[in-house]
There are 2 protein chains.
Amino acid sequence: MVPEIVVLRWELWGMRGVQLKTVAPAVRPAFADTIIKGDCVAALEQLPAHSIDVVFADPPYNLQLAGGLTRPDQSLVDAVDDDWDQFASFEAYDAFTRAWLLAVRRVLKPDGSLWVIGSYHNIFRVGTMLQDLGFWILNDVVWRKTNPMPNFRGKRFTNAHETMIWASRGPQSRYTFNYEAMKAFNDDVQMRSDWLLPICTGGERLKDAAGQKLHPTQKPEALLARVMLASTKPGDIVLDPFFGSGTTGAVAKRLGRHYVGVEREQVYIDAATARIAAVETAPAAALELLRGKKAEPRVPFGALVERGLIQPNEIMTAISGRHQARVRADGSVESGSHTGSIHRVGALVQGFDACNGWTFWNVHRNGVLTSIDALRQIVRDEMAVAGG
Amino acid sequence: MVPEIVVLRWELWGMRGVQLKTVAPAVRPAFADTIIKGDCVAALEQLPAHSIDVVFADPPYNLQLAGGLTRPDQSLVDAVDDDWDQFASFEAYDAFTRAWLLAVRRVLKPDGSLWVIGSYHNIFRVGTMLQDLGFWILNDVVWRKTNPMPNFRGKRFTNAHETMIWASRGPQSRYTFNYEAMKAFNDDVQMRSDWLLPICTGGERLKDAAGQKLHPTQKPEALLARVMLASTKPGDIVLDPFFGSGTTGAVAKRLGRHYVGVEREQVYIDAATARIAAVETAPAAALELLRGKKAEPRVPFGALVERGLIQPNEIMTAISGRHQARVRADGSVESGSHTGSIHRVGALVQGFDACNGWTFWNVHRNGVLTSIDALRQIVRDEMAVAGG
DNA sequence: GCACAGCATGAATCTCGTC
DNA sequence: CGACGAGATTCATGCTGTG
């Protein structure tokens, strides 16, 4: 699935141009929305490099459960499970972690990101390995449980949280973060690194034929939903290398994302398949993400002058009233000896390195001091009606 | 050595009282309640082996900050750029961590325990090294900050917490944990692994002659108080190998514990000495008054969608029936061309500057128009236990 | 003296597209 | 790849100055 290069012809306010643009294929790859049976590292070799947008991983930390650990060279690790031989156990776990993280790193897109969830038993080793392999940690996010299991023996604090590490492929990656959507979600305050959510119980918890919980560590869908709403866009492909009961797949489908799962146990594959089949994708209108200004079409300041929303020679003022600037016909402005863009002059008159001229400068309209950003919004609204 | 009866007037974190108390003359080693000047590893060689009950360590975080960071108002953030936080590589940081942890391990009593605080920059490496050296992790405790610095560029989640690792010297250690005291402290429910506390500001924050913060990373006394009340007994000796502004010493003295500090900078030693001299030891009765107060938990609108109490694409209406809005999966809403949070869209459709979306919007439930504020109460009740 | 507005600041790995 | 320039972006709290 090679990105396609298309020729875009555009016309905007009487200006025309041609632009080359790469367009991701609308056709989803064959591996999308499938569960691959097998060991994590071996199964991931079936996927093409740089084909995954986001990874969510809930790796095992009990070495007995992990079983069959392999080193990066595929040789089997002789896992020691005696309590006294911690070093050998940790070494085995590190080899296992290194192997699956390398496999995941290969299939992750350069601008993709990765989530790993764990507890104090394993998360420190995972975090260290992530850093050693060149991943760039963006946040550690704490899932605070409303209803954790109490500490029955009264020997420690109630273990009431788990830790997720969110990392990009490297320091230069331009990962996805839906900042505006998260902020709206959180009543117009930035989303914090601590999330309060109940554990997975009740009807959401999958049961086996005997009525017992099917999977020991089934994660709540709300947790995965927040992960995907924060770090993916509709249509993205989310890989879960330890698929288990398929929470990642169910939430991906519900939110209009694609999933790829890797799972060794047929019983989990069967349960997850049935579970995902019963999920309906939310309507497209509900999946639109609130987008910030960065995602809106760029409107140059000159366009406002061109459209007559601001007159050549008109005086703009700062809110404080302390600064003024004169608009010139070409969209540049001058203030005393300073000339340049609205941003540059705004910075110069304040003695700053930078300034957002859109929010700094104002003009009088109907006797009211009006931000030029509000005038820009008029143009943007017109563009939206015209189909952007 | 007859026990003496004294009258104690106490004031502790805003509370006051008077108490009669018998004071038993304590035998303490010569190094108790002193600050050793020098490099951490070298200085610790002066202490006898197995002489310390609990260690609290706040090592350099290795922040790896690149350029400067400005707030939206263009003011410069005063970053931690001190020499002591600079390391050439992860390898160098690991070597440093290994060295001081080994030095600390030598002086720790067999049944002693150790706390280390850090952020995602370093805490994973510290945790891994602890495990590799044979320490036994008891809990990872999350310090949730009520007032963290925001993420100014909107590129990540607000980094709103730091992580403390609490570990015993080994799996067989019989460490101190004051379970009943912690439970009483926490209104008779088990103390959880997530603690909500403000950062150190205001009068508690030490200032230099110029009125600037003396130390870049001074920790709040309330944090240390909870650490010591949980894991030490009166008269215990607490070692802080990165003493800094001396919070550990001040709290140890206030709570009737002894401290040993190691610090390289004379300016910090002087400030900590003066600070600790001004501290009075509190009577036990004062400590019983320490209760975690629970604020009403904040429930963002997105959480209602996340929890399934409101469906994506569902229509909300104003009481008047004049306005409608559609809910999207990310917790944002849209009404015509208006998009944003419940509050913002509520304001926009009415032409107001502000609106409380919780009381403005309603949904139909069992044929009845129901305020979304009522749905919020359902979630709030579930969350009350977790302490906001 | 009090109320209120405005300012200052905190362990931070904090831009992106185009030429 | 680097340089350049447009332009996007903050929450809780405590202190200071003013009326």
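Naming: A, B, ... by sequence-line order, numbering from 1 per chain.
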Worksheet item: Pro59(B) near the nucleic acid: base, sugar-phosphate alone, or nothing, with a heavy-atom cut-off under 4.0 Å?
Response: base
Item to complete: Check whether any side-chain nitrogen or oxygen of Arg205(B) sits under 4.0 Å from OP1 or OP2 of dA8(C), and answer yes or no.
Response: no
Worksheet entry | Of all pairs that satisfy salt bridge (Lys or Arg N to Asp or Glu O under 4.0 Å), the ones with a partner from residues 129-138 of chain A, not counting sequence neighbours | Asp132(A)-Arg125(B)
Worksheet item: Base, sugar-phosphate, or nothing: which does Gln74(B) touch, judged by heavy atoms less than 4.0 Å apart?
Response: base
Worksheet, complete the sentence: The side chain to side chain contact (heavy atoms under 4.5 Å, CB included) partners of Ser168(A) (sequence neighbours excluded) come to Trp136(A), Leu138(A), Ser173(A), Tyr175(A)
Worksheet item: Starting at CZ of Arg153(B) and ending at P of dT10(D), how long is that distance when rounded to a whole Å?
Response: 11 Å
Worksheet entry | Interatomic distance, Glu204(B) CD vs dT9(C) C1' [rounded to whole Å] | 16 Å
Worksheet item: dA11(C) and dC15(D): how far apart are their C1' atoms, nearest whole angstrom?
Response: 23 Å
Item to complete: Pull out every stem in DNA chain C, meaning runs of 3 or more consecutive Watson-Crick or G-U wobble pairs with both distances under 3.5 Å.
Response: C:2-10 with D:11-19, C:15-19 with D:2-6
Response to the item:
Here the distance between atom P of dG10(C) and atom CG of Asp82(B), to the nearest Å, is 12 Å
Practice prompt. Pull out every residue in residues 346-356 of chain A that has a heavy atom closer than 4.0 Å to any atom of DNA chain D, ordered by number, or say none.
Written response: Ala354(A), Asn356(A)
Worksheet item: Does His343(A) make a side-chain N or O approach to OP1 or OP2 of dA6(D) shorter than 4.0 Å?
Response: no
Worksheet entry | Pairwise C1' distance for dT18(D) and dG1(C), with rounding to whole Å | 13 Å
Item to complete: May I have the distance from Lys155(B) (atom NZ) to dC16(C) (atom C1'), rounded to whole angstrom?
Response: 8 Å
Worksheet item: Listed by chain and number, what are the side chain to side chain contact (heavy atoms under 4.5 Å, CB included) partners of Asn147(B), not counting sequence neighbours?
Response: Pro198(B), Ile199(B)
Fill in: Gap between atoms NZ and P, on Lys293(A) and dA6(D) respectively (whole Å)
17 Å
Response to the item:
Judged by nearest nucleotide, the residue sitting upstream toward the 5' end of DNA chain C, Ser173(A) or Lys145(B), is Lys145(B)
Discussion item. Strictly by salt bridge (Lys or Arg N to Asp or Glu O under 4.0 Å), give each pair with a member in residues 64-78 of chain B just once, sequence neighbours left out.
Written reply: Asp78(B)-Lys213(B)
Worksheet item: Do other residues, nucleotides or ligands put more than 12 heavy atoms under 6.0 Å from Asp353(A) CG?
Response: no
Discussion item. Within the 4.0 Å heavy-atom criterion, would you say Ile342(A) contacts the bases, only the backbone, or no part of the nucleic acid?
Written reply: nothing
Item to complete: Name the nucleic acid region contacted by Asp85(B), choosing base, sugar-phosphate or nothing; use a 4.0 angstrom heavy-atom cut-off, strictly under.
Response: base
Response to the item:
Here the distance between atom P of dA6(D) and atom CG of Asp373(A), to the nearest Å, is 16 Å
Practice prompt. Taking side chain to side chain contact (heavy atoms under 4.5 Å, CB included) as the test, write out the residues that go with Leu206(B), two or more places apart.
Written response: Leu214(B), Gln218(B), Ser245(B), Ala271(B), Arg275(B)
Worksheet item: Which residues satisfy the side chain to side chain contact (heavy atoms under 4.5 Å, CB included) test with Asn356(A), sequence neighbours excluded?
Response: His343(A), Trp358(A), Thr359(A)
Discussion item. Need one value for Trp84(B): base, sugar-phosphate or nothing, where a base atom within 4.0 Å counts as base even if backbone is also close, heavy atoms only.
Written reply: base
Item to complete: Could you work out the separation of dA8(D) and dG10(C) based on their P atoms and round it to a whole Å?
Response: 28 Å
Provide a list of protein-nucleic acid N or O atom pairs under 3.5 angstrom, restricted to nucleotides 11-15 of chain D.
residue	atom	partner	partner atom	Å
dC11(D)	OP1	Gln190(A)	N	3.0

Worksheet entry | Qualifying ring-ring contact (aromatic ring centres under 6.0 Å, His included) pairs with a residue from residues 67-88 of chain B, counting only residues at least two apart or across chains | Phe87(B)-Tyr93(B), Phe87(B)-Phe96(B)
Discussion item. Nearest whole Å is fine: how far is dG10(C) P from Asn151(B) CG?
Written reply: 17 Å
Worksheet item: What class does the angle between the rings of Phe177(A) and Phe157(B) fall in, given that below 30° is parallel, 30 to 60° is tilted and above 60° is perpendicular?
Response: perpendicular
Practice prompt. Determine: side-chain N/O of Arg376(A) to OP1/OP2 of dG7(D), distance under 4.0 Å, yes or no.
Written response: no
Discussion item. I'd like the P distance from dG7(D) over to dA12(C), given in whole Å.
Written reply: 30 Å
Discussion item. So, does Lys213(B) get its side chain near the phosphate of dG10(C), meaning an N or O under 4.0 Å from OP1 or OP2?
Written reply: yes
Item to complete: May I have all residue pairs that pass salt bridge (Lys or Arg N to Asp or Glu O under 4.0 Å) and include part of residues 326-348 of chain A, sequence neighbours excluded?
Response: none
Worksheet item: Rounded to the nearest 0.5 Å, what separation is found between the CD1 atom of Ile123(A) and the CD1 atom of Ile117(A)?
Response: 8.0 Å
Worksheet item: Around Arg264(B), counting heavy atoms of other residues, nucleotides and ligands shown, do more than 12 lie under 6.0 Å from its CZ?
Response: no
Practice prompt. Identify, with sequence neighbours excluded, every residue that meets side chain to side chain donor-acceptor pair (under 3.5 Å) alongside Asp373(A).
Written response: Lys293(A), Arg376(A)
Discussion item. Both Arg344(A) and Thr70(B) contact DNA chain D. Taking the nearest nucleotide for each, which residue is further toward the 5' end?
Written reply: Arg344(A)
Item to complete: In whole angstrom, give the distance that lies between atom CD of Glu296(A) and atom C1' of dA6(D).
Response: 16 Å
